[in-house]
Amino acid sequence: MCEADLDGWDLPLPERLRTAAAKRRAEFLAGRLSARHALAELTGSSSTPAQDAERLPEWPAGTLGSITHSRGLAAAVVASRPNFQSVGLDAEVVMSAERARRLAPQILVASEQVWFDRLPAERQGDFLTLVFSLKESLFKALYPLVRERFYFPHARLILWDAETCAVSIELLKTLSPQWPAGTVLRGQVTKIDDYLLTLIAISGK
């Protein structure tokens, strides 16, 4: 999406982005367009989520979703209430092994670091990208429910099944009475070209 295209999509920009660089505005609009298309598929109505005071998407009544963008890729996932409580989607460009080794201490807890150290160098970039992305997806899924901030040390990857693309992550911090430490959430991971995408979907209760 080039700069000349930015005003042609009938998508209002938040005030904070009106003077932002064209790349930042394009990323925001691409994410909103992805959400618009996903909502049209789900509901038949071509609506676009706005933003709340915390810059979270405001989804149309009866729906929820998650938006992500990463270096040229934008994607969104939507679902119906009450079938789902929340969803979190994240996309990342797969890191090199060198970058992964440099960033690992900031992202991994002790058990993940042991796992990382045992992997051959050619798989370390995939592993760290997965952990980073999955923790981002976890935050996107849980924060709207708990409104309690948490960070990389507050969850850990406990399962990564490369054959089935299944992953599981465990909370290491109590976020609310409904989401205590020890809670395990399941997710999915897939790779598209140079991008790794993770998804956590929390079913309705």
Side-chain angles (χ1 to χ4, degrees), residues 1 17 20-21 23-35 37-38 49 51 54-57 64-79 86-109 111-113 115-144 149-172 185-202:
M1 187 183 293
L17 290 179
K23 179 179 180 294
R24 180 68 186 92
R25 288 183 287 140
E27 288 175 343
F28 177 86
L29 294 175
R32 266 18 190 211
L33 280 173
S34 298
H37 290 308
Q51 279 190 329
E54 293 188 84
R55 302 181 182 178
L56 299 179
L64 52 86
S66 184
I67 301 170
T68 188
H69 47 74
S70 176
R71 299 190 201 177
L73 174 74
V77 60
V78 297
S86 189
V87 293
L89 175 70
D90 186 69
E92 303 292 336
V93 175
V94 176
M95 299 180 198
S96 66
E98 180 182 357
R99 185 164 186 256
R101 287 190 290 272
R102 187 170 68 251
L103 295 179
Q106 304 172 39
I107 296 168
L108 303 180
V109 300
S111 61
E112 295 167 331
Q113 185 69 56
W115 194 342
F116 178 86
D117 291 339
R118 289 175 177 170
L119 290 172
E122 62 269 20
R123 296 190 67 197
Q124 288 179 335
D126 282 345
F127 181 84
L128 196 72
T129 307
L130 167 64
V131 174
F132 180 95
S133 182
L134 190 63
K135 290 182 181 184
E136 289 289 318
S137 289
L138 180 69
F139 184 86
K140 290 181 178 182
L142 282 184
Y143 184 74
R149 294 201 170 270
F150 58 100
Y151 303 95
F152 292 129
H154 298 146
R156 65 170 182 158
L157 179 71
I158 59 173
L159 170 71
W160 176 22
D161 189 326
E163 290 187 4
T164 65
C165 299
V167 288
S168 294
I169 192 166
E170 179 186 9
L171 284 178
L172 301 177
L185 295 97
R186 294 178 176 84
Q188 294 175 288
V189 57
T190 190
K191 197 172 181 182
I192 302 175
D193 298 327
D194 294 331
Y195 300 94
L196 188 146
L197 286 80
T198 58
L199 172 69
I200 290 178
I202 301 174

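- By the 4.5 Å heavy-atom criterion applied to side chains, P57 and R32 are counted as neighbours.
- Side-chain contact between V189 and L134 is absent, with no heavy atoms from C-beta onward closer than 4.5 Å.
- Distance CD/Q106 to OH/Y151: 15.0 Å, rounded to 0.5 Å.
- For CG of D194, the number of neighbouring non-hydrogen atoms (other residues, nucleotides, ligands) closer than 6.0 Å is 12 at most.
- Between L171 and L138, the closest side-chain pair of non-hydrogen atoms falls below 4.5 Å.
- To the nearest 0.5 Å, the span separating CE on M95 from CZ on F132 amounts to 6.0 Å.
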Residue pair E170, R156: steps toward the salt bridge (charged side-chain N to carboxylate O under 4.0 Å, His left out) verdict: CA-CA 5 Å; E170 179 186 9; R156 65 170 182 158; 2.8 Å; yes
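- Around CD of E98, the count of heavy atoms belonging to other residues, nucleotides or ligands within 6.0 Å does not exceed 12.
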F116/V131 under side chain to side chain contact (heavy atoms under 4.5 Å, CB included): CA gap, chis, key distance, verdict: CA-CA 10 Å; F116 178 86; V131 174; over 6 Å; no
Side chain to side chain contact (heavy atoms under 4.5 Å, CB included) assessment of L199 paired with V77: CA-CA 9 Å; L199 172 69; V77 60; 4.0 Å; yes
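- I158 contributes atom CD1, which lies 8.5 Å from atom CH2 of W115 (distance to the nearest 0.5 angstrom).
- Put simply, the side chain of F28 reaches to within 4.5 Å of the side chain of Q51, judged on heavy atoms.
- Contact check for L73 versus I192: no side-chain heavy atoms found under the 4.5 Å cut-off.
- Between the side chain of S137 and the backbone N or O of T198 there is at least one donor-acceptor pair closer than 3.5 Å.
- Distance check, rounded to the nearest 0.5 Å: CG of D90 to NE2 of H69 gives 10.0 Å.
- Between P144 and L64 the shortest side-chain heavy-atom distance does not fall below 4.5 Å.
- To the nearest 0.5 Å, the span separating CD1 on I202 from CG on L185 amounts to 5.5 Å.
- Within the 3.5 Å criterion, the main-chain N or O of A155 finds a donor-acceptor partner in the side chain of K135.
- Looking at heavy atoms from C-beta onward, R149 lies in side-chain contact with F139 at the 4.5 angstrom threshold.
- Once rounded to the nearest 0.5 Å, the distance linking CD1 of I107 with OG1 of T129 reads 8.0 Å.
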Check against side chain to side chain contact (heavy atoms under 4.5 Å, CB included), I169 and I200: CA-CA 10 Å; I169 192 166; I200 290 178; 4.1 Å; yes
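- Between the side chain of S86 and the backbone N or O of A141, at least one donor-acceptor pair lies under 3.5 Å.
- By the 4.5 Å heavy-atom criterion applied to side chains, E136 and T68 are not counted as neighbours.
- Here the closest non-hydrogen pair linking I67 and A35 is CD1-CB, 3.9 Å.
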